[in-house]
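Convention: sequence-line order gives letters A, B, ...; per-chain numbering from 1. All figures in this text were calculated on a predicted structure; none of them were measured in a lab.
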Amino acid sequence: MTPELALILIMLIPACAAILIPLVGRWQNVREAVSIIAAVALLGVVIWLVRFVGLSPDNRPELFLIEFAGDFELKLKLEPLGAIFAAIASSLWLVNTIFTIGYMRGNKEKNQTRFYTCVAIAIVAVMGIASAANLITLFVFYEILTLSTFPLVTHKGDAKAKKGGRIYLLILMATSLGLLLPAVMGTHVLAGTTDFQVGGIFPAGFSTTAAGILLFLFAFGIGKAALMPIHPWLPNAMVAPTPVSALLHAVAVVKAGVFTMLKVTVYIFGPDLMSNTPASTVLVWIAAISIVLASVIALRKDNLKARLAYSTISQLAYITLGAMLATSFAIVGGGIQIVMHAWGKITLFMCAGAIYTVAHRTEISSLNGLGRTMPWVFGAFLVGSLSIIGIPPMGGSWPKFFLMAGALDAGQKFLLAVLIVSSILNVAYLVPVAMRGFLLKPDDPKSDAHVAEILAKHRFVRFAPVFTAAGAFLLFFAIGPLVEYLKPILPINMTGGL
Amino acid sequence: MATLFEHFNFVVVIVLMMTGLYVVFASNNMIKKLVGLSVFQTSVFLLYISLGKVVGGQPPIIAEEDLHHAPEAGAGVAKAGADAAHAGAGDVAHGAHEAAEVLYSNPLPHVLILTAIVVGVATLSIGLALVVRTREVYGTIEEDEIDNLDYHKNLEGAAK
Amino acid sequence: MQIMSILPEWILSHGAASIVVIPLMLAVLTALNPNAKLAWATVLGVTALSVFTALGLLIQVMTHGPIHYNMGGWVPPLGIGYYIDGLNAPILLLISGVALLCTIYALPSVAAEVEPKKKGPFYAAFLISFAGLLGMVVTADAFNVFVFLEVSSISTYVLVAMGASRDRRALTSSFNYLIMGSIGATFFVIGIGFLYMQTGTLNMMDIARVLQEIGPGDRVVQLAFAFIVIGLGLKLAMFPLHMWLPGAYAYAPSFFTAFLAATATKAALYLLLRFTFTVFDPSWDYIATALMILLSGMGILGMLAASLQAIFQNDIRRVLAYSSVAQVGYMLLGIGMATTLGLTAGYLHMLNHAMMKGALFIAVGAFWYRFGITQVSDMRGLGKTMPWTMAAFTVAGISLIGVPGTAGFVSKLKLAQAAAENGWWWAIGVIVTTSIMAIIYIGRMIEQAYFQPVPEIDGKPVVRNEAPMAMLIPLWIMAAAALVFGIQTEWSTSLAEAAAHVLDAGPNTLIPGAIDALPDAGGH
């Protein structure tokens, strides 16, 4: 297994799955098996690549795809940040597939073949984004991701789904074509290249005004990072079935967005230019406002998925915050948040999906007492909540600490208050859900009893969240290796103190 | 003042040009616009023709007796044509002539103008044909009335 | 090149003349022809022949250098010469190629839009317009330019008015175009007159030579330049002289709009380039200032104003027409920079835009042909009812926006690079803004087609009714070209660079080929 072969494989495996699934669509179990085998194979290759990238910092796996329009090359090059993203994407694809099987069969959803195919294509796009060597490649796969997830959002096919899908596509395409593309072109024109490099690609003494304008274009052009006010697509995409929401809000789309944000600030601008550009401070505050505002809106939502959507917007803004602060702790904190939030949020979404599949309830106010009938699910939800809130010994506590340290490094003491307020708000809107389930009396004991009867049939949807909750807990202890792994993304002079 | 009289052809040209343009812009009636256009184009014809005037020039037809002159006259005739062409440059000037004894008028501007007149006539005829058709279809050739008649159709074409 | 040997000899020796003369002669025959099918076949044959000839001429220019052809063997400056070099050879190919594709498209389209009796004269007028455009591009005599300009314009007025059977506003649009076009052409001829006054010659090379002797100070020459620029500016729809364009494009028969949109402004733009850079000297002060302020300035204004207006139109053809004005603005911006990269970018955009707009207008014609659609709000569900047509429309549309992988992206990026090289940062901002506006007006149409439900007649959804093959083939050739030239950019870029090369050399490109040059490939 050579690195180049591995890179080819991470694109090829999900692509083959995407081709095979429609062919075997009629036979459900075969089709599901294809997805699972592909996911396992992908995970294997990705783990190999992750180890390789970690072991040989000077020999990054590269793959040249195609050249077009004279100047532009589509090529892949895997570095630690991308490797980590690929790792969570492939691992959570496996988990999500198992959950999806349970959900789809449990709800007897239609068009399942189309669903699994689009997911596979989306994973190809995610792998492309993770391993992109330059902005152009990343942009192309970014667009493919938008287009391939669109049928997933409108899966249900009714008027609400179509409307949600329209807004999803509209906002993402408009921001990417109208803001991100000019930013990419501007980078190409001003820096002469769009290849990612440690420390940034702009020449020393680059005009901070130009950098500021570009930074704004990037920040709002990367619509998938859901920085306010580009966020409306996220809650509108909740019309999708829960496996899609789990995929979108933990694995693929939003993580692709904030991953791009991090890559741009770390590898295109570089921490030095970021700290010299006044625009980054403005964006820090926009991110901070997003964090708090989204949490406040989440408080007022009774629909579980809507509340989780706004929670996601808030958590993503953490990563944007880290990217814009651009100190070593902040950047590494952002990278770690990608991992921790992924595992934590997918837990929460899968719990929501389980509750919907088994008990057909979507509003939080209807969950009273359900925890006694579905202890595993609500327990997982509680663990996931604690990770999102950031309480040790859950994995999600580390990004908070790192971000606070990063904020102090950058001299933004007020951000500490923002982060603490955000944690308090997280408690306010997440913990009550689990508490309702365990502590309050059920509104309708008969329906709860009915739930208890059919519980045994839905093993997949119940145990998938438990698995990821356990993962969120275990990741707490993985912090050391993670930080070490991420160190090479920073320029050499910045790694002290980590 | 003297220069104005010396270059009165340009004065005429300017007056006609501006009149023609004004009529085109200011009239509502399609035929009047065409009239203005024609006046405008006529001014251009006058410009060219007056440029080409060689004082004391003969019609540019080689006369019989010239052919019997020394061979260089043959070359001189051709040269006279070319010289007259160059001499036509500048103001209404007295043509400077060299070896040839006969001074010929410059035929080139006249040729150009004939072409332009033909073009003008063709344009005018198309324009008039359009006017006839417009009258058949709309019942009027006043542009504001036509706009009124098309008002609702045009509204449809504006974004909702 | 081996291809040279298979070209018949007459292309090399008489191609420059035949490409103009044959369409003219056959136009007369076509007008007299009562059989519409035969008329169409003649046009097809003529355009195919022209493509072949233009290709041969292009190859010869690329390998052997400029072609001088003397009409009737009379040596310029007494005779009229034709001159083909790297600047106009690609445009010849462009015009004839688009004409060929549009003629294929014309078979069903014209049948639906023009009365059977008038089809013969219709095609004849088209051939005259075609010949006129080619003549404008090929000739090296300034007054000959005016003649061909008017030849093509007058036939265009007629052809635009033929759209009256569809929409009676074609008549007023054609009349408006007639008035404005004639004023423009007359301005042009006034300019030529002044030039003739000062230089005594009408041959472009000779004028260039004499102008070099006269120098930049001559006021009459400056005046001549002004008139020529304004006259040509009207023809190429430079803002604010573009008012004739939306009406003419919107109400002409769809076959002719597709042809016109892709060719007419390009020929006028070529003339502007030829005059500004190779007849006049761009190093002179007043010309350099004019380039920067007038061309680029009006280009920028055109981009902004026209894109904005395009957003507010509901008639699809008007949206595309205003978009054309904006695209001409892009070209003028690039040309006004007068640097090699800027000229390359402007010229490249000229080539790319022809393909994109041609495809878009053909698609719009197909919409009308099948469903009678002219308004954007009627485009609901076209993604399902005419999938292939709409797909090509989308491809051409995203090329107009400038998505990577399409030709539009390449020329826009080059333009941005040229602006950056020149230090014109505000121009980059304008390019970005107008791209966003393009996203809005194209996105609106795509959204209607793909995301709106199919309209219903009597409660039943409209059935899929794809455009006929004769429309789909040229449509997809042009749309595919927009894609191919976005990925394999070498051909178009090398043509653009050769053209920029010619312009860079200034008047010196023409002067050595002046009076004394013996005809390389001239007739005797």
### Task
Examine whether an atom of B/L47 lies under 4.5 Å from a heavy atom of chain C, and if so say whether it belongs to the side chain, the backbone or both; otherwise answer neither.
side chain
### Task
Look only at the side chain of C/S129 and the backbone of C/A125, and say whether a donor-acceptor pair between them is shorter than 3.5 Å.
no
### Query
Just by modelled atom types, is the B/V15 backbone N or O under 3.5 Å from a matching donor or acceptor in the B/T19 side chain?
yes
### Task
Could you check which of B/V137, B/V24, B/T123, B/V131 has the highest count of heavy-atom pairs closer than 4.5 Å to chain C?
B/T123
### Query
Under a 4.5 Å heavy-atom cut-off, does chain C meet the side chain of B/A116, its backbone, both or neither?
both
### Message
Taking B/L130's backbone N and O only, do any of them form a donor-acceptor pair with B/T134's side chain (distance below 3.5 Å, no angle check)?
### Response
yes
#### Entry: Proximity breakdown for B/V119 and chain C, heavy-atom pairs closer than 4.5 Å
both
### Task
Can you label the angle between the C/Y157 ring and the C/Y177 ring as parallel, tilted or perpendicular, going by 30° and 60°?
perpendicular
### Interface residue of largest heavy-atom contact number with chain C, from B/D147, B/I146, B/L112, B/L37, under 4.5 Å
B/L112
### Query
Where on B/L149 is there a heavy atom nearer than 4.5 Å to chain C: the side chain, the backbone, both, or neither?
both
### Task
Compute whether any side-chain donor of one residue and acceptor of the other, for C/Y251 and C/R169, lie under 3.5 angstrom apart.
yes
### Task
Let me know if B/F25 has heavy atoms under 4.5 Å from chain C in its side chain, its backbone, both or neither.
side chain
#### Entry: Contact class of B/M17 relative to chain C, heavy atoms under 4.5 angstrom
side chain
### Structural part of B/I126 lying under 4.5 Å from a heavy atom of chain C
both
### Task
Going by the side-chain contact (heavy atoms from CB on, under 4.5 Å) test, name the single residue among C/F227, C/F146, C/F194 that passes it with C/V189.
C/F146
### Task
Side chain from CB out, backbone as N, CA, C, O: work out which of these in B/V118 comes under 4.5 Å of a heavy atom of chain C, or both, or neither.
neither
